[in-house]
Amino acid sequence: MQAQALQADRGPANVAGSATEIIAFEIGGQQFCVRTTAVREIRGWTQSTPLPQSSPEMMGMMNLRGTIIPIVNMAAKLGMMASQPDARSAVVVAEVHGSVVGLLVDRVADILTIDSGTIQPPPEMTGGYSRSFLTGVIAASDGMICFLDLERLFEGFGSVGGGEEFF
């Protein structure tokens, strides 16, 4: 089966036979994943300090070995009902646009190496959802995994205007 190329503005085409490492996680009962190259570490949930006047997806901030990082509720960021952290929740610490951010997910499922040719373009639909933050979709034996593009999902994150930090 010939691999379909993603749109040119989403980066290079996926070539069958080339490997891509991903971290799969669950949010609201759905599977999502990101490239492992964007992830610095995975941590268990610890309470974050709220940020007054922040957007609904911004849970707060936490101290990561002397560096203060923002914590984003990924369910809220994706337009879903905000997750309530519990003992199974995890914080995926990622680098996006040169800044470190913690992504709250319901649970980390697996670290996988997949054939890039298995990544299919997101379905074309009018209205209802934005495909701009999806790299593609992976059909797995137990359902679909939405492949997130963190750079697009967090467009404008990291610096605002004259290089000031986001938060």
* Asked: Quick one: side-chain hydrogen bond (donor to acceptor under 3.5 Å, both in side chains) pairs with a partner in residues 104-114, sequence neighbours left out?
  -> Glu26-Arg107, Ser83-Asp106

* Are Ile22 and Ile114 close enough, and set up right, to give a side-chain contact (heavy atoms from CB on, under 4.5 Å), and what steps lead you there? -> CA-CA 8 Å; Ile22 60 169; Ile114 60 164; 4.1 Å; yes

Which heavy atom in [X] sits nearest to a heavy atom in [Y], and how many Å separate them?
X      : Y      : value
Pro56  : Ala76  : O-CB, 4.4 Å
Ile138 : Cys33  : CD1-SG, 4.0 Å
Pro70  : Val101 : O-CG2, 3.6 Å
Val93  : Arg43  : CG2-CD, 4.0 Å
Gln31  : Ala24  : OE1-CB, 4.1 Å
Pro85  : Leu104 : CG-CD2, 3.9 Å

* **Non-neighbouring partners of Thr49 that pass side chain to side chain contact (heavy atoms under 4.5 Å, CB included), sequence neighbours left out** => Met61

Exercise answer: donor-acceptor pairs, residues 141-148 side-chain atoms, under 3.5 Å, sequence neighbours excluded:
none

* Determine, using the 4.5 Å side-chain heavy-atom cutoff (strictly less than), whether Leu150 and Val137 are members of one ILVMFWY cluster. => no

* Connected via hydrophobic side-chain network under 4.5 Å: Leu103 and Leu78 -> yes

Are side-chain heavy atoms of [X] and [Y] found at a separation under 4.5 Å?
X     : Y     : answer
Ile42 : Ile23 : yes
Trp45 : Ile71 : yes
Met59 : Gln47 : no

Output the distance between atom [atom1] ([X]) and atom [atom2] ([Y]), rounded to the nearest 0.5 Å.
X      : Y      : atom1 : atom2 : answer
Arg40  : Ile69  : CZ    : CD1   : 9.0 Å
Asn63  : Ser48  : CG    : OG    : 12.5 Å
Met80  : Gln30  : CE    : CD    : 4.0 Å
Thr135 : Glu151 : OG1   : CD    : 10.0 Å
Leu64  : Met62  : CG    : CE    : 7.0 Å

* **Six-ring centre of Phe133, Lys77 cation under 6.0 angstrom, axis tolerance 45°** => no

* Before giving the answer on side-chain contact (heavy atoms from CB on, under 4.5 Å), spell out for Arg65 and Glu41 the whole-Å C-alpha distance, their side-chain angles and the decisive distance to 0.1 Å. => CA-CA 12 Å; Arg65 290 183 297 284; Glu41 65 183 274; 2.4 Å; yes

* Asked: Is Glu21 salt-bridged to Arg35, cutoff N-O under 4.0 Å?
  -> no

